[in-house]
Amino acid sequence: IEWQPLSPRHGYTRPEAVELVPVGSLGAIPATVDQVAYLGTAVQYRVRTAGGLAISALIPKTGPRLPAGSGVAVSWAPEDALVLEAPRPH
């Protein structure tokens, strides 16, 4: 693959790799909890960034419970992100 500066890219991260951390955490993206779903052994959070990006996080149920509307930040390890170049039009 030939990478070009400023070429469009898409990033993907598995929900179980996403961490919810306190607002202001170094390197984390500020967001607001949009939806909460209790799934037995885990809680699935959908958070939304100020730019409108929706991110899912799957957190063990032993973690703190956050209601919709809570301010959080999201983070993940660089090795958990998959970045792909966007398809080019033909």
Please list every donor-acceptor pair under 3.5 Å in which a side-chain atom of residues 45-61 meets a protein atom from a residue at least two apart or in another chain.
residue	atom	partner	partner atom	Å
Y45	OH	P64	O	3.4
Y45	OH	L66	N	3.1
R46	NE	D34	OD2	3.1
R46	NH2	D34	OD2	2.4
R48	NH1	G52	O	3.0
R48	NH2	D34	OD2	3.4
T49	OG1	G51	N	3.4
T49	OG1	G52	N	3.4
T49	OG1	L53	N	3.1

Do any side-chain atoms of residues 68-77 form donor-acceptor pairs under 3.5 angstrom with protein atoms, and if so which ones, sequence neighbours left out?
residue	atom	partner	partner atom	Å
S70	OG	P67	O	2.7

Which atom pairs, one a donor and one an acceptor, fall under 3.5 Å between side chains of residues 13-22 and the rest of the protein, sequence neighbours left out?
residue	atom	partner	partner atom	Å
R14	NE	E16	OE2	3.0
R14	NH2	E16	OE2	3.4

Self-check item: Residue list, salt bridge (charged side-chain N to carboxylate O under 4.0 Å, His left out) with D80, at least two apart or on another chain
Solution: none
Quiz item: Does atom CG of L82 have more than 12 heavy-atom neighbours, drawn from other residues, nucleotides or ligands, at distances under 6.0 Å?
Solution: yes
